[in-house]
> 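Dropping the structure in here first, questions after.
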Amino acid sequence: MNQHKTLDVLVIGAGPTGTTLAVDLARRGLDIRVVNKSDHVFDGSRAKGVQPRTLEVLEDLGALDSVLASGSPYPLLGIHAGPLAVPWRMMRNRQPSTDVPYPNTWLIPQYSTDRALHDRLEQLGHHVEFATELVELTQDSDLVTAKVAGADGTEEITARYVVGADGGSSTVRKQLGIDFTGSTDEQDRMIIVDAITTGLSRDRWHMWPRLGGRFAGACPLPHSDIFQWMIRLAADEEPVLDEARLNERIRSITGNKRITLNDIRWTSVFRPNIRLAERYRQGRVFIAGDAAHVHTPAGAQGLNTGIQDAYNLGWKLAQVLAGTDPALLDTYESERMPIAAEVLGLSTKNYAGMTKLDPSSLKRGKDEQQLALTYFGGPLAPAHSDRTTTLRVGDRAPDAVLSGGDGKHVRLFDVLRGPHFTALAHGRRAVHALDQLEWPASGAPLQRIAVGSAAVRADHVLADPAGTLGSVHGLTQDTLLLVRPDGYIGHIATEDILLSTRTAIQAVTPSAGAAPCQEPPGMKGIA
């Protein structure tokens, strides 16, 4: 039995969402544990599309190099109609720009994404405790107690907060009694298979449309001989998964007798689930990722939305543990639930189009890439706030290329990277306010950037000789931007710069003399 002091956060579930959260909390120096019901790393390709915004998140967390090395750009579709294969571009291939360094969706099997995040967690001195299953949750106003069962027996883990990232069948969500509203079409089934495949070119994502909304698809997985096969079944078809009958079915669907599947690595029978939790929190326990929302596979949204749930929640947990008003944690649901609802609508629409063999449903654009995601109008981004000509509070902070004192190029994202807030001052009045801005000693630190004018307290004094920062960020007057740790604009000040920024800071930082780990508002116990 593993005896342990009270944790800051217990994370239940070690898929992409849970491990992202664990990495973010670990790099902030919090005392955490991560437990996972299964006894090994997930070994299927399931969610294989990582969107541009998620690539930026992974770069900030230090896991991007591994993800890029394990993946590839998406190939063209090859839509088979009899003996012909028509090439079809699912998404436009864009070149990197100063504001969007990773403009294209990245093809990588989920098992590689998981491993990249697990490796990063281990670099930070933590590891996933596999074969450890949640049995029971109880909480009071101060702590949560989780009873877990593992190889060494049953253990009680005490933590200040618990996050359930344990998938669509979440035990945490069920323990909390949170409704998971939506639908599951039991008649709509799809076989998903990872297998070494011969007799098929690897330069296309092959699609074979059939009458009645059925189809088969084979996507080549990078750096391997494996394809991910997806076969949508008719209502009366059996989901057979043995190698011989799979080969027989695929040859019948494709009309290609040369295709052979062998060495099957992973199989699943998928039913479209379209569900959203009625709430994301009860007391000191939160849910994230598939535990809070499940989607159709169309558009590669589920994994990406879950990772960004974790990225939103991590810094808020750390700030409240450092003494910030616990009301900050209420903004997790307020910001993330509308995003999940919007994504559910998008993926559902795309999937419905696929089942009707509508080619337009295979197109992917900025909505899927999540670069335009915004928290504007939410509790931390009021609609009456100051704006620039291109940005509103709550928008993603774009990248930019600036110059340091030595004349060398400096990426803004390189400066933003890390578990801190950033104040970027552009223009003389804003730089003067930056020098006067006070910041609490506890919680996430503040990094100060002065652009165009020297500042005594600046960590970086940069220049914008090409005007890329000014044009992309829409800076036409003296402006101070406060960038949150998750890379979204927390405040824009063009008038009353110092006063308005001080007011915005109060909502996200510990006040002087605040006690850490205060009781969350509206606490409800768990039976």
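No hydrogens, no waters, no symmetry mates; every other heavy atom, side chains included, goes into these values.
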> My understanding is that only residues two or more places apart in sequence, or in another chain, count here; which of them pass ring pair (Phe, Tyr, Trp, His ring centres under 6.0 Å) with Y280?
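Y280 satisfies ring pair (Phe, Tyr, Trp, His ring centres under 6.0 Å) with Y332 once adjacent residues are dropped.
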> So do L424 and L480 actually touch side chain to side chain, heavy atoms under 4.5 Å?
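Heavy-atom side-chain distance check fails, nothing below 4.5 Å.
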> Can a cation-pi geometry be assigned to R53 and Y488, taking NZ or CZ under 6.0 Å from the six-membered ring centre and within 45° of the ring axis?
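The answer is yes; both the distance and angle limits are met.
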> Would you say the side chains of K48 and Q110 form a donor-acceptor pair under 3.5 Å?
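There is no such pair (donor and acceptor under 3.5 Å, judged by atom type) between the side chains of K48 and Q110.
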> With a 4.0 Å cut-off on N to O distance, would you call R428 and D478 a salt bridge?
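No, this pair does not count.
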> Indicate whether the side chain of Q369 and that of R94 have a donor and an acceptor atom separated by less than 3.5 Å.
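Per modelled atom types, Q369 and R94 side chains form a pair under 3.5 Å.
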> In terms of side-chain geometry, is the basic nitrogen of D290 or R275 positioned less than 4.0 Å from the acidic oxygen of its partner?
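A salt bridge is absent here (no side-chain N lies under 4.0 Å from a carboxylate O).
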> Is there a side-chain contact between T158 and V144, using heavy atoms and a 4.5 Å cut-off?
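No, their side chains stay 4.5 Å or more apart.
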> What residue among V451, I497, I492 forms side-chain contact (heavy atoms from CB on, under 4.5 Å) with T479?
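The side-chain contact (heavy atoms from CB on, under 4.5 Å) with T479 is passed solely by I492 among V451, I497, I492.
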> Answer yes or no: is there an ion pair linking R160 with D8, defined by an N-O contact shorter than 4.0 Å?
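Here R160 pairs with D8 in a salt bridge, since their nearest N and O are under 4.0 Å apart.
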> Using a distance-only test with no angle check, is there a side-chain donor-acceptor pair under 3.5 angstrom linking S403 and K408?
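K408 and S403 do not have a side-chain donor-acceptor pair below 3.5 Å.
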> With a 4.0 Å cut-off on N to O distance, would you call R417 and E56 a salt bridge?
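Result for this pair is no, no salt bridge flagged.
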> Is it true that atom NE2 of H432 has more than 12 heavy atoms of other residues, nucleotides or ligands lying nearer than 6.0 Å?
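Result for NE2/H432: open.
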> What I want to check is whether the side chains of H491 and S385 have a donor and an acceptor closer together than 3.5 Å.
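Per modelled atom types, H491 and S385 side chains form no pair under 3.5 Å.
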> Taking side chain as C-beta onward, heavy atoms only, is H223 less than 4.5 Å from S112?
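No. Closest side-chain heavy atoms not under 4.5 Å.
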> Distance from S500 atom OG to I505 atom CD1, nearest 0.5 Å?
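Rounded to the nearest 0.5 Å, the OG-CD1 separation comes to 9.5 Å.
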> Please indicate whether D119 has more than 12 foreign heavy atoms, meaning atoms of other residues, nucleotides or ligands, lying under 6.0 Å from its CG.
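Enclosed.
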> Would you say that L412 contacts H473 through its side chain, given a criterion of any heavy-atom pair below 4.5 Å between the two side chains?
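The answer is yes, as the side chains (C-beta and beyond) meet within the 4.5 Å cut-off.
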> I need the minimum non-hydrogen distance between T19 and A14, along with the two atoms involved.
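Looks like OG1-O, 3.0 Å.
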> Check the side chains of N36 and E129 for a donor-acceptor pair under 3.5 angstrom, ignoring hydrogens and angles.
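There is no such pair (donor and acceptor under 3.5 Å, judged by atom type) between the side chains of E129 and N36.
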> With a 4.0 Å cut-off on N to O distance, would you call R279 and E333 a salt bridge?
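Salt bridge flag = no for E333 with R279.
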> Just to verify, what does H426 make a side chain to side chain donor-acceptor pair (under 3.5 Å) with, not counting sequence neighbours?
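Per chain and number, H426 pairs via side chain to side chain donor-acceptor pair (under 3.5 Å) with no residue.
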> Do Y111 and R46 pass the side-chain hydrogen bond (donor to acceptor under 3.5 Å, both in side chains) test, and can you show the C-alpha distance, the side-chain angles, and the key distance before you say yes or no?
CA-CA 8 Å; Y111 55 75; R46 188 161 52 198; over 6 Å; no
> Report the C-alpha separation of R336 and D309 in whole Å, then their side-chain angles, then the decisive distance to 0.1 Å, and conclude whether the salt bridge (charged side-chain N to carboxylate O under 4.0 Å, His left out) test is met.
CA-CA 6 Å; R336 293 305 302 168; D309 285 347; 2.7 Å; yes
> Evaluate the criterion side-chain contact (heavy atoms from CB on, under 4.5 Å) for residue pair R284 and L143; output intermediate values, then yes/no.
CA-CA 7 Å; R284 291 182 171 270; L143 299 170; 5.7 Å; no
> Answer yes or no: does atom CG of D414 have more than 12 heavy-atom neighbours from other residues, nucleotides or ligands under 6.0 Å?
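Enclosed.
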> Do P419 and R27 touch side chain to side chain, with heavy atoms closer than 4.5 Å?
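Yes, their side chains come closer than 4.5 Å.
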> Using the six-membered ring wherever Trp is involved, compare the ring planes of F421 and W315 and label them parallel, tilted or perpendicular (cut-offs 30° and 60°).
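Answer is perpendicular, since the angle exceeds 60°.
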> Any Lys/Arg nitrogen of E59 or R411 sitting under 4.0 Å from an Asp/Glu carboxylate oxygen of the other?
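Result for this pair is yes, salt bridge flagged.
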> Does the side chain of H420 come under 3.5 Å of the side chain of Q447 through a donor N or O and an acceptor N or O?
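Yes - a donor-acceptor pair under 3.5 Å links their side chains.
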> For V34, which of V163, L121, V23 qualifies under side-chain contact (heavy atoms from CB on, under 4.5 Å)?
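Answer after filtering V163, L121, V23: L121.
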> Taking the side chain as C-beta and beyond, is there a heavy-atom pair between Y102 and L64 under 4.5 Å?
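A side-chain contact under 4.5 Å exists here.
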> So does R457 pair up with D435, basic N to acidic O under 4.0 Å?
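So R457 does not pair with D435 through a salt bridge.
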